[in-house]
2 protein chains.
Amino acid sequence: MIESKLTKNQSMVHTCLTQENGPMTAYAILDALREKGFRAPLQVYRALEKLTELKLVHRLESMSAFVACQHGTCEHSGAAVFAICDTCGTVAEFAAADVSKSLESHVKENGFVLKKTTIELRGECRQCYAV
Amino acid sequence: MIESKLTKNQSMVHTCLTQENGPMTAYAILDALREKGFRAPLQVYRALEKLTELKLVHRLESMSAFVACQHGTCEHSGAAVFAICDTCGTVAEFAAADVSKSLESHVKENGFVLKKTTIELRGECRQCYAV
DNA sequence: ATATGTAATGTAATAACATAACATACGAGA
DNA sequence: TCTCGTATGTTATGTTATTACATTACATAT
Ligand SMILES: [Zn+2]
Ligand SMILES: [Zn+2]
Ligand SMILES: [Zn+2]
Ligand SMILES: [Zn+2]
């Protein structure tokens, strides 16, 4: 398991995010971990940086928040897509290989070397819409 | 022309972004417009809010910056895609109808009501890669 | 055991991005 | 004129992220 390689702080942040089962801001994580000794934003940001690198955690750019990968360690075929409910805040993560392929081909026409893809969908989930 | 409906502040911000021909943060815009009387962030943010609503300007979530729509007033068929060069900062905006279609169908399977799509590609443009 | 090197962590200060709250101006219609 | 909505101005505050530097923990070499 990749998690076994995590340091103490990284592990605490990852556990926190996993238990939350939804997106948290860095400062929300900090507050949640104060009782366990966290004192400063940087402790959270450093852990998040590593976790993101390992793809155990994803950053949601459109809400400046972080969420645990819903596939454990994320080996999607293609980029991850996030559907974010603006009403209840839940996030659904899925892979869309066709989308990634299409974007790559669009971009290669222009000689653009793609390194990272961000796809975030904002809207309302089924449950919230039903209400 | 839609621009004729803009207020003074909105117009100044739009002109600023258009002349820059690339992304600017709100505070960079503020600094650029200080000589023309801007004093506070809110003046910029209010203008940006309206311009974004009119799709004359797009917000780049992954860099907390704003860029003038490269299609004037943006009526893409489907969501806009931004290819951002991490080296030189240039942004290429294009439409990808197939991508939008695919994302919509993915999402509708789950009863998610899509309201806004963010697609941002980070990497290196042809010029920078050649060097 | 001691020294050295390196990765991780701790801490404070500050930068960068964004909004709240309230005051004022000003034109379009009743 | 009066009133209402929209735009603007101003100050303060809130939120997110990074810089800079000090310290600790741990592995390895002498
Ligand atoms: Zn994932
Ligand atoms: Zn919901
Ligand atoms: Zn556009
Ligand atoms: Zn470039």
Side-chain angles (χ1 to χ4, degrees), chain A residues 2-17 20 22-54 56-67 84 86 89 91 116 118 120 122, chain B residues 2-17 20 22-54 56-67 84 86 89 91 116 118 120 122:
Chain A
I2 285 182
E3 289 189 20
S4 62
K5 301 183 122 181
L6 298 181
T7 66
K8 191 168 68 111
N9 283 5
Q10 288 158 16
S11 178
M12 284 195 282
V13 168
H14 186 239
T15 298
C16 178
L17 268 178
E20 178 77 5
M24 298 179 81
T25 66
Y27 279 76
I29 294 169
L30 174 58
D31 286 339
L33 293 179
R34 277 191 200 283
E35 58 183 20
K36 305 202 171 154
F38 274 50
R39 307 292 304 280
L42 195 49
Q43 294 175 292
V44 177
Y45 280 109
R46 284 201 275 232
L48 286 171
E49 183 180 14
K50 187 65 175 182
L51 292 169
T52 301
E53 193 181 311
L54 295 173
L56 290 169
V57 164
H58 302 294
R59 179 189 158 93
L60 301 176
E61 304 287 355
S62 67
M63 55 190 299
S64 296
F66 302 83
V67 68
I84 302 164
D86 289 327
V91 175
K116 184 169 191 314
T118 297
E120 296 178 19
R122 306 294 294 254
Chain B
I2 285 183
E3 288 190 21
S4 62
K5 301 182 122 182
L6 298 181
T7 66
K8 191 168 68 113
N9 283 5
Q10 287 157 17
S11 178
M12 283 195 282
V13 168
H14 186 238
T15 298
C16 178
L17 268 177
E20 177 76 5
M24 297 179 81
T25 67
Y27 279 74
I29 294 169
L30 174 57
D31 286 340
L33 292 179
R34 275 190 201 285
E35 57 184 20
K36 304 202 172 156
F38 274 50
R39 308 290 305 280
L42 200 46
Q43 294 174 291
V44 177
Y45 280 109
R46 284 200 276 233
L48 286 172
E49 183 181 14
K50 186 68 175 180
L51 292 169
T52 302
E53 194 181 310
L54 295 173
L56 290 170
V57 165
H58 302 293
R59 178 188 158 91
L60 302 176
E61 304 286 356
S62 67
M63 56 190 301
S64 297
F66 301 83
V67 68
I84 303 164
D86 289 328
V91 174
K116 184 168 191 313
T118 297
E120 296 178 19
R122 307 293 294 253

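Worth knowing before you read on, the calculation uses all heavy atoms, side chains too, and leaves out hydrogens, waters and symmetry mates. Residue numbers begin at 1 in each chain, while the letters A, B, ... track the order of the sequences.
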When you check the phosphate oxygens OP1 and OP2 of dC17(C), does a side-chain N or O of Thr25(B) lie under 4.0 Å from one of them?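 The answer is yes; a side-chain N or O of Thr25(B) sits under 4.0 Å from OP1 or OP2.
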Acceptor/donor pairs from residues 46-53 of chain B side chains to any protein atom, 3.5 angstrom cut, sequence neighbours excluded:
residue: Thr52(B); atom: OG1; partner: Leu48(B); partner atom: O; Å: 2.6

All N/O contacts under 3.5 Å from nucleotides 24-28 of chain C to the protein, with atom names and distances to one decimal?
none

Please name the pair of heavy atoms, one in Val44(A) and one in Ala26(A), separated by the smallest distance, quoted to 0.1 Å.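 Nearest pair, atom of Val44(A) first, then Ala26(A): CG1-O, 3.6 Å.
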Closest non-hydrogen contact found for Leu30(B) with Arg39(B) is CD1-C, 4.0 Å
Rounded to the nearest angstrom, tell me the gap between atom CD in Glu61(A) and atom C1' in dC17(C). 14 Å
Going 5' to 3' along DNA chain D, which are the first and last nucleotides with any atom under 4.0 Å from a heavy atom of chain A?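 Range of nucleotides within reach of chain A: dT16(D) to dA20(D).
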Evaluate the criterion side-chain contact (heavy atoms from CB on, under 4.5 Å) for residue pair Ser11(B) and Thr15(B); output intermediate values, then yes/no. CA-CA 6 Å; Ser11(B) 178; Thr15(B) 298; 4.3 Å; yes
Interatomic distance, [X] atom [atom1] to [Y] atom [atom2] [nearest 0.5 angstrom]:
X         : Y        : atom1 : atom2 : result
Lys8(B)   : Gln43(B) : NZ    : CD    : 9.0 Å
Lys116(A) : Ile84(B) : NZ    : CD1   : 11.0 Å
Thr118(A) : His58(A) : OG1   : NE2   : 11.0 Å

What do the steps show when you test Glu61(B) against Ser64(A) for side-chain contact (heavy atoms from CB on, under 4.5 Å), and what is the final call? CA-CA 9 Å; Glu61(B) 304 286 356; Ser64(A) 296; over 6 Å; no
Does Tyr27(B) make a side-chain donor-acceptor contact with the base of dA15(C), cut-off 3.5 Å? no
Any chance you could encode DNA chain C as dot-bracket? Rule is Watson-Crick or G-U wobble with both distances under 3.5 Å; [ ] for pairs crossing earlier ones, | for another strand. ||||||||||||||||||||||||||||||
Intermediate values then yes/no, side-chain contact (heavy atoms from CB on, under 4.5 Å), Met12(A) and Asn9(A): CA-CA 5 Å; Met12(A) 284 195 282; Asn9(A) 283 5; 3.5 Å; yes
Non-neighbouring partners of Ser62(B) that pass side chain to side chain donor-acceptor pair (under 3.5 Å), sequence neighbours left out: Glu120(B), Arg122(B)
Is there a side-chain contact between Leu54(B) and Leu6(B) (heavy atoms, below 4.5 Å)? yes
Is any side-chain heavy atom of Phe38(B) less than 4.5 Å from a side-chain heavy atom of Val13(B)? yes
Looking at DNA chain D, which of residues 29-51 of chain B put a heavy atom within less than 4.0 Å of it?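 Close to the strand are Arg39(B), Ala40(B), Leu42(B), Gln43(B), Arg46(B).
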With side-chain contact (heavy atoms from CB on, under 4.5 Å) as the criterion, how do Phe66(B) and Leu17(B) come out once you've worked through the C-alpha distance, each side chain's angles and the decisive distance to 0.1 Å? CA-CA 8 Å; Phe66(B) 301 83; Leu17(B) 268 177; 4.1 Å; yes
